[in-house]
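What follows is a short report on a single structure.
For the single chain, residues carry numbers from 1 onward in sequence order. Numbering of ligands and ligand atoms starts at 1, following listing order.
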Amino acid sequence: MYFENGITIIGSGNLAWHLAYALKSASVQINTIISRSAENAKELADKFGATFSNNLEAIPADSSLLLLCVSDNAIEEIAGKIAGLKIPVAHTAGSIPILSQSIKIQNTGVLYPLLTFSKKIRLGEVSFPIFIEASDAEMHKKLEYLAHKISNQVYTIDSEQRKNLHLAGVLVNNFSNYLYTKAFDILESKKINGNILLPLIEETTVKLRNEHPKNLQTGPAKRGDLEVIRAHEKLLAGDSDFCKIYSLLSHNLMEYYKKAK
Ligand SMILES: NC(=O)c1ccc[n+]([C@@H]2O[C@H](COP(=O)([O-])OP(=O)(O)OC[C@H]3O[C@@H](n4cnc5c(N)ncnc54)[C@H](OP(=O)(O)O)[C@@H]3O)[C@@H](O)[C@H]2O)c1
């Protein structure tokens, strides 16, 4: 209905790869993939019978939508270069506001999927929310239609809300994944397979389905057990920066529950 001439994707990284597959499964045509590296653009485009280029001039003039799936710091620069085209443009970043009207793109928007996407790692049966924002009512209808093609959880939020959503996503995904990495490293340095932690990790997330995380906290900091905290700090003595993070997190956590009393 809205995308008869197909969608042009700019970028060929983690998100471009997954959105392209999701759109194809929803029978939305992708006409062209454009990326900084022609080789990366070709690799993705070949999967969908799309054309490819490393040149923004190859954007089909009648494209129905330009979907920017590029690094956050490249969004403004690319938007500036395509401003003359009369094609609606949506970016996909959590932390970048909707493109300003001063950029002289008539219809702009955001289509932000809240999940972690890694190129070439196919998603399982996971359903994920998509957050949209649009410069005008027509663009909103288009993005809503598109988002519903690939998700049954579609929400409209503004740039300020999306920035906070992105921050929350960094806390629960990026930081916890880094903590998993450190925990695996610690175990593996003592010849214990890190996978032994998987039931603990899984149970921690499964319980969240029914309870607020603040009601699920356990461990030495929650109990105010300074002796155990000091013992852990000793174990981390050889990794002084991470030891500081451990101490800071433990004390912050203690304070949180003291205040909650
Ligand atoms: N990955 C996620 O889990 C996720 C989730 C939600 C939203 N997002 C958003 O999706 C966007 C892309 O993230 P990503 O994870 O897919 O990043 P990525 O894997 O690093 O891919 C970035 C892509 O941007 C292209 N690029 C970078 N600078 C460019 C420039 N100056 N001109 C043209 N192309 C340029 C790169 O091209 P080449 O490969 O050709 O060099 C690459 O294809 C970001 O805005 C991010 O916030 C990502």
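- For atom 3 (O) of ligand 1, the nearest non-hydrogen atom of the protein is Phe117 N, 2.8 Å.
- Here the rule is side-chain hydrogen bond (donor to acceptor under 3.5 Å, both in side chains) with Thr156, and of Glu144, His140, Gln161 only His140 fits it.
- Distances shorter than 4.0 angstrom occur between a heavy atom of Leu115 and an atom of ligand 1.
- A side chain to side chain contact (heavy atoms under 4.5 Å, CB included) with Ile33 is found for one member of Ser12, Cys69, Ser53 and no other, namely Ser12.
- Atom 9 (C) of ligand 1 has as its closest protein heavy atom Thr92 O, 3.4 Å.
- Shown here, atom 13 (O) of ligand 1 is out of close reach of the protein: none of its heavy atoms lies under 4.0 Å off.
- Close approach to Thr116 involves these atoms of ligand 1, each under 4.0 Å from a residue heavy atom: 3 (O).
- The pair Glu227-Arg230 does not meet the salt-bridge criterion, since no charged nitrogen lies less than 4.0 angstrom from a carboxylate oxygen.
- When the heavy-atom distances from atom 39 (O) of ligand 1 to Asn40, Asp72, Leu56, Ile33 are ranked, the shortest goes to Asn40.
- By the criterion of a heavy-atom distance under 4.0 Å, neither the backbone nor the side chain of Trp17 is placed next to ligand 1.
- Under a 3.5 Å cut-off, the side chain of Asn193 and the backbone N or O of Ile196 do not form any donor-acceptor pair.
- Annotation: Arg36 places an N or O atom under 3.5 Å from an N or O atom of ligand 1; distance criterion only.
- Here Lys244 pairs with Asp241 in a salt bridge; the nearest charged N to carboxylate O distance falls below 4.0 Å.
- Within ligand 1, the atoms closer than 4.0 Å to a non-hydrogen atom of Gly11 are 43 (O), numbered from 1 in the order shown.
- Taking distance alone, with nitrogen or oxygen atoms compared against 3.5 Å, Ser35 approaches ligand 1 more closely than that limit.
- Residue Leu15 holds the heavy atom nearest to atom 10 (O) of ligand 1 of all those in Leu111, Leu15, Leu44.
- Which parts of ligand 1 touch Ala74 is read off a 4.0 Å heavy-atom cut-off, strictly below it: atoms 28 (N), 29 (C), 30 (C), 31 (N).
- Considering only non-hydrogen protein atoms, atom 21 (O) of ligand 1 sits nearest to Gly13 CA, 3.5 Å.
- Side-chain contact check for Leu165 versus Leu114: some heavy-atom pair is nearer than 4.5 Å.
- Proximity to Pro113 (heavy-atom distance under 4.0 Å) selects the following atoms of ligand 1: 5 (C), 6 (C).
- Distances between N or O atoms of Val70 and those of ligand 1 include at least one value under 3.5 Å.
- Below 3.5 Å of separation, one finds no N or O of Ala16 facing any N or O of ligand 1.
- For Glu233, the CD atom is densely surrounded, since the number of other residues' heavy atoms within 6.0 Å is greater than 12.
- For atom 17 (O) of ligand 1, the closest heavy atom belonging to the protein is Asn14 ND2, 4.2 Å.
- Within the 4.5 Å cutoff, side-chain heavy atoms of Phe184 are placed close to those of Asn195.
- Asn31 and Asn5 are not linked by any side-chain donor-acceptor pair at a separation below 3.5 angstrom, with hydrogens and angles left out of the test.
- Ring centroids of Phe117 and Phe128 are separated by less than 6.0 Å, placing the two rings close together.
- The pair Glu138-Lys142 fails the salt-bridge criterion, with no side-chain N (NZ, NE, NH1 or NH2) lying under 4.0 Å from an Asp/Glu carboxylate O.
- A distance-only check finds no donor-acceptor pair linking the side chain of Ser118 to the backbone of Ile121 [under 3.5 Å].
- Under the 3.5 Å distance criterion, with hydrogens and angles disregarded, a donor-acceptor pair is assigned to the side chains of Asp72 and Ser95.
- In terms of protein heavy atoms, atom 23 (C) of ligand 1 is closest to Cys69 O, 3.7 Å.
- Scanning all protein heavy atoms for the shortest distance to atom 27 (C) of ligand 1 gives Ser71 OG, 3.1 Å.
- Interface of Ile78 with ligand 1, defined as ligand atoms under 4.0 Å from a residue heavy atom, comprises 32 (N), 33 (C).
- For atom 43 (O) of ligand 1, the nearest non-hydrogen atom of the protein is Ser12 N, 2.7 Å.
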